[in-house]
Amino acid sequence: MYKILNTRGLGVGGKQNELIELALTFGFKGVEVDMMDLVGRHDAMGKEFAIQFLQSAKIDMGSFKLPVDLGGTNEAYGVSIAKIDTILDLASTLNSKTCYVEITPNNENFSFQECFETHQTRLQELAERFAAHNINIGLSLQASSAEPPEGTFKFIQTAEELLTLSKAISQTNVGVCVDAWEWVLGGGTIDQLKSAGFGEVVKEIRLADISEGADRENIKSSDRTTLPGDQAGSFSFQLVQLALENEADIPVSAATDLSTYAGAPRDSIVKAISANLDLMLEGKDPAVVAAELAAAAAAEAAEEGDEAAEGESKESPAPAATN
């Protein structure tokens, strides 16, 4: 398992080379790349221009969102895969091993069964092409975006349904990208991932927990925790523990919300994320470590206070004798 820098929800903007520098500074092995932006650079200025910063920095494309419309009409889907050859070429050149595709929870074109079969067919074709480049595809649950099927058809809205879809593809490079926040909202559990065969089915993990006190019936994207592992024994921590047990060679990143870090300095944001990920990859619970450090600091402060008081007592002159 290796940590990558995912900047989409971190509130860190900047030029591609600046983000790469942040990743290198704080020990990330790869970065999540905006593939549409990269393809745009490729088409406008050529491949060498598009990949120059990543190649010169010797850092991998850790992951990318696959920009395809799996649930669209044949025409819409055809348009969305028009750049697949370019995407595969860029991803291979930049040593990417994983991408993810978001599975929408509602569909305006097909009933559930029709949509399932359409996804199955399209993913099978894509998986075969991606397998030739040794790239995994992780299906990403979007439970928080689920809506009542009014004028649309219900589609994948639970973790169990997503696992069923991933297993329907007869390619070992297709599995799930587990966004901890979405997974829990979709009824997903750690035991479920164990039963599914974590090592075979999970292709990427993205960490963020549901904030304490969040209204799950009216969940908001800002209800993601500040840092993965802020709460002791969090789902994120358990997820990483399971990945460590399985010796999973997959990318892991923090996937928080844009509102979480609004206005904070970029360096401090990425430093904090990196520190929490490092603790998790060492098998340590960040919340427990933070509590232990706080307790030790408080004890040290109290001891220094006692010593200071004792010193003042010894230095105080004895009271004058009285007749």
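Just so it is clear, the model here is predicted, and its values are computed rather than measured. Counting begins at 1 with the first residue of the sequence.
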Would you sort out whether K83 and D43 count as a salt bridge (charged side-chain N to carboxylate O under 4.0 Å, His left out), showing the intermediate values? CA-CA 10 Å; K83 296 292 183 179; D43 291 350; 3.0 Å; yes

Tell me the ring pair (Phe, Tyr, Trp, His ring centres under 6.0 Å) pairs involving residues 73-129, sequence neighbours left out? F112-F155, H119-F155

Hydrophobic clusters here meaning ILVMFWY residues chained together by side-chain heavy-atom distances under 4.5 Å, can you tell me if I137 and L88 are in one? yes

Using 0.5 Å steps for rounding, measure from the OG1 atom of T225 to the CG atom of D230. 5.5 Å

When you look at K154 and E161, which way does the salt bridge (charged side-chain N to carboxylate O under 4.0 Å, His left out) test go after all the steps? CA-CA 12 Å; K154 173 186 175 297; E161 290 170 340; 2.9 Å; yes

Mind checking the CE-CG spacing from M61 to N95? Nearest 0.5 Å is all I need. 10.0 Å

Looking only at heavy atoms, which two atoms of A232 and V288 are closest? And how far apart? CB-CG2, 4.2 Å

Atom of L207, atom of P228 and distance for their closest heavy-atom approach: CB-CB, 3.5 Å

Side chains of Q231 and S234: donor-acceptor distance under 3.5 Å anywhere? no

Polar side-chain atom of K203 near backbone of E200 as donor-acceptor pair, under 3.5 Å: yes

Are F64 and F53 connected into the same hydrophobic cluster when the rule is that any two of I, L, V, M, F, W, Y join if their side-chain heavy atoms are below 4.5 Å apart? yes

Do E32 and R206 touch side chain to side chain, with heavy atoms closer than 4.5 Å? yes

Just how far is it from atom CZ of R41 to atom NZ of K47, taken to the nearest 0.5 Å? 16.0 Å

Closest heavy-atom pair and its distance - C99, F130: SG-CE2, 3.8 Å

Tell me if a side-chain donor or acceptor on S211 pairs with a main-chain N or O of D223 at a distance below 3.5 Å. yes

Give a yes or no on whether the backbone of L141 and the side-chain of D179 come within a donor-acceptor separation of less than 3.5 Å. no

Beyond-backbone contact of V101 with L139, side-chain heavy atoms, under 4.5 angstrom: yes

Indicate if L279 and I205 have the same hydrophobic cluster label, given that clusters are the connected sets of ILVMFWY residues with side-chain heavy-atom separations under 4.5 angstrom. no

Tell me, yes or no, whether the heavy-atom count around K167 atom NZ, taken from other residues, nucleotides or ligands under 6.0 Å, exceeds 12. yes

L227 and I273: CA distance, side-chain angles, deciding distance, side-chain contact (heavy atoms from CB on, under 4.5 Å) verdict: CA-CA 7 Å; L227 289 169; I273 290 290; 3.4 Å; yes

Residue of the set L123, I103, V201 for which side-chain contact (heavy atoms from CB on, under 4.5 Å) holds with S166: V201

For the student: nearest non-hydrogen atoms of L5 and F28, plus distance: N-CD2, 3.4 Å

Using 0.5 Å steps for rounding, measure from the CZ atom of R224 to the CD1 atom of I219. 9.5 Å

Would you confirm whether Q120, through its side chain, and A168, through its main-chain N or O, come within 3.5 Å as a donor-acceptor pair? yes

Minimum heavy-atom distance L185-S144, with the two atoms named: CD1-CB, 3.8 Å

Indicate whether the side chain of E117 and that of Q113 have a donor and an acceptor atom separated by less than 3.5 Å. yes

Run the salt bridge (charged side-chain N to carboxylate O under 4.0 Å, His left out) check on D278 and K3 step by step: do they pass? CA-CA 8 Å; D278 284 342; K3 66 177 183 179; 2.8 Å; yes

Counting only heavy atoms not in E282, do more than 12 fall under 6.0 Å of its CD? yes

For Q171, does the CD atom have more than 12 heavy-atom neighbours from other residues, nucleotides or ligands under 6.0 Å away? yes

Does a donor on one side chain and an acceptor on the other come within less than 3.5 Å for E204 and S63? yes

Would you say M1 and F198 are hydrophobically clustered, going by side-chain heavy atoms of ILVMFWY under 4.5 Å? yes

Counting only pairs under 3.5 Å, give me each side-chain donor-acceptor contact of residues 236-244, with atom names and distances, residues two or more places apart or in other chains.
from	atom 1	to	atom 2	distance (Å)
S236	OG	A208	N	3.3
S236	OG	D209	OD1	3.2
S236	OG	D209	OD2	3.1
Q238	NE2	G233	O	2.9

Separation between OG of S96 and CG of N134, rounded to the nearest 0.5 Å: 11.0 Å

Salt bridge check: are D85 and R129 linked by an N-O gap of less than 4.0 Å? yes

Which of these, T121, N107, L126, sits in a side-chain contact (heavy atoms from CB on, under 4.5 Å) with L70? L126

Output yes when a side-chain donor or acceptor of D34 lies under 3.5 Å from a complementary backbone atom of M36, and no otherwise. yes

Would you say that V252 contacts M280 through its side chain, given a criterion of any heavy-atom pair below 4.5 Å between the two side chains? no

Would you check if T256 and T226 make a side-chain contact, meaning some heavy-atom pair closer than 4.5 Å? no

Would the distance check show the side chain of S274 and the main-chain N or O of V270 forming a donor-acceptor pair, the cut-off being under 3.5 Å? no

A side-chain contact here means heavy atoms from C-beta on lying under 4.5 Å apart; do I87 and P67 qualify? yes

Intermediate values then yes/no, side-chain contact (heavy atoms from CB on, under 4.5 Å), I135 and N173: CA-CA 7 Å; I135 298 175; N173 65 322; 5.9 Å; no

So do D267 and L22 actually touch side chain to side chain, heavy atoms under 4.5 Å? yes

Could you walk me through whether L94 and V33 pass the side-chain contact (heavy atoms from CB on, under 4.5 Å) test, one step at a time? CA-CA 10 Å; L94 294 170; V33 172; 5.6 Å; no

Is it true that Q124 and E128 share a donor-acceptor pair across their side chains at a distance under 3.5 Å? yes

If you compare all heavy atoms of E182 against all heavy atoms of A143, which two are closest, and at what distance to 0.1 Å? OE1-N, 3.0 Å

Side chains of N106 and T104: does their closest heavy-atom pair fall under 4.5 Å? no

Option from N74, V68, I169, D69 for which side-chain contact (heavy atoms from CB on, under 4.5 Å) with R122 holds: N74

Residues which pass side chain to side chain donor-acceptor pair (under 3.5 Å) with N246, listed by chain and number, not counting sequence neighbours: none

Any donor-acceptor pair under 3.5 Å linking the side-chain atoms of Q142 with those of S140? yes

What verdict does the side-chain contact (heavy atoms from CB on, under 4.5 Å) test give for W183 and L162, after you've listed the backbone C-alpha separation in whole Å, the side-chain angles of each residue and the deciding distance to 0.1 Å? CA-CA 10 Å; W183 198 258; L162 189 72; 3.9 Å; yes

Is a side-chain donor or acceptor of N109 paired with a backbone partner of G71 at a separation under 3.5 angstrom? yes

If hydrophobic clusters are built from ILVMFWY residues whose side chains come within less than 4.5 Å, do Y2 and L277 share one? no

Supply the atom-to-atom distance R216 CZ to I210 CD1, rounded to the nearest 0.5 angstrom. 3.5 Å

